[in-house]
Amino acid sequence: MSVYVGNLSYEVTPEDLTQVFAEYGSVKRVQIPTDRETGRVRGFAFVEMSSEEEETAAIEALDGAEWMGRGLKVNKAKPKEDRGGGGGGGRRGRY
DNA sequence: CCTGAGCGT
């Protein structure tokens, strides 16, 4: 379960996202990936909560809302591909 | 690596 958050400010921190999302549920983790080529943030983040209903509540409450002078974008994130399968404990779905 | 699309080690 993960939530996609876009159109963020480049000055935003995971702590700020946690404080905002904590208003609608228990934030389990906040992830802000950076570009592997430059290392700068792309302006989006991922938020994981304890329950999917909490994520939905946060999405309905924060999507389209103005935050830090930016139009906040919140949606259901696409299932991330398991990249940890490369070394050990990975996709043992061997043919 | 300094910017504006939107989905990640």
| query | Are A/Met68 and A/Val27 connected, step by step, through hydrophobic side chains (Ile, Leu, Val, Met, Phe, Trp, Tyr) whose heavy atoms are closer than 4.5 Å? | reply | yes
| said: Tell me if a side-chain donor or acceptor on A/Glu54 pairs with a main-chain N or O of A/Ser26 at a distance below 3.5 Å. | reply: yes
| How far apart are the closest heavy atoms of A/Ala58 and A/Met49, and which atoms are they? | CB-SD, 4.1 Å
| field | Side-chain ion pair, A/Arg70 and A/Glu11, N-O less than 4.0 Å | value | no
| Residues touching DNA chain B, which here means a heavy atom under 4.0 Å, drawn from residues 52-69 of chain A | none
| remark: A/Glu11 CD to B/dT3 C1', in whole Å, measures 12 Å
| request: Identify whether a stacking contact exists between A/Tyr10 and B/dC2, where the ring centres must be under 5.5 Å apart and the planes under 30° apart. | output: no
| request: For residues A/Ile32 and A/Val12, report the shortest heavy-atom separation together with the two atoms involved. | output: CD1-O, 4.5 Å
| message | Please report the distance, rounded to the nearest Å, between CZ in A/Phe44 and C1' in B/dG6. | response | 8 Å
| task | Could you state whether A/Met1 and A/Ile59 fall into the same hydrophobic cluster, counting links through intermediate Ile, Leu, Val, Met, Phe, Trp or Tyr residues with side-chain heavy atoms under 4.5 angstrom apart? | result | no
| field | Euclidean distance, A/Glu55 CD relative to A/Ser2 OG, rounded to 0.5 Å | value | 6.5 Å
| said: Taking any heavy-atom pair under 4.0 Å as a contact, classify A/Ile32: base, sugar-phosphate, or nothing. | reply: nothing
| note | By nearest-nucleotide position on DNA chain B, the 5'-leaning member of A/Ser2 and A/Arg70 is A/Arg70
| task | Kindly work out whether a path of hydrophobic side-chain contacts (I/L/V/M/F/W/Y, heavy atoms less than 4.5 Å apart) joins A/Leu8 to A/Val41. | result | yes
| Under 3.5 Å: donor-acceptor pair, side chain of A/Asn7, backbone of A/Gly71 | yes
| request: Under 4.0 Å from any atom of DNA chain B, heavy atoms only: list the residues of residues 71-78 of chain A that qualify, in numerical order. | output: A/Lys73, A/Asn75, A/Lys76, A/Ala77, A/Lys78
| message | Tell me the closest heavy-atom pair linking A/Ala45 and A/Pro33, and the distance in Å. | response | CA-CD, 4.4 Å
| With the threshold set at 4.0 Å, does a side-chain nitrogen-carboxylate oxygen contact exist between A/Asp35 and A/Arg40? | no
| Gap between atoms CG and C1', on A/Asn7 and B/dC7 respectively (whole Å) | 14 Å
| Interface residues of residues 34-41 of chain A with DNA chain B (non-hydrogen, below 4.0 angstrom) | A/Thr34, A/Glu37, A/Thr38, A/Arg40
| request: Could you check which of B/dT3, B/dC7, B/dG8 has an atom nearest any side-chain atom of A/Gln31? | output: B/dG8
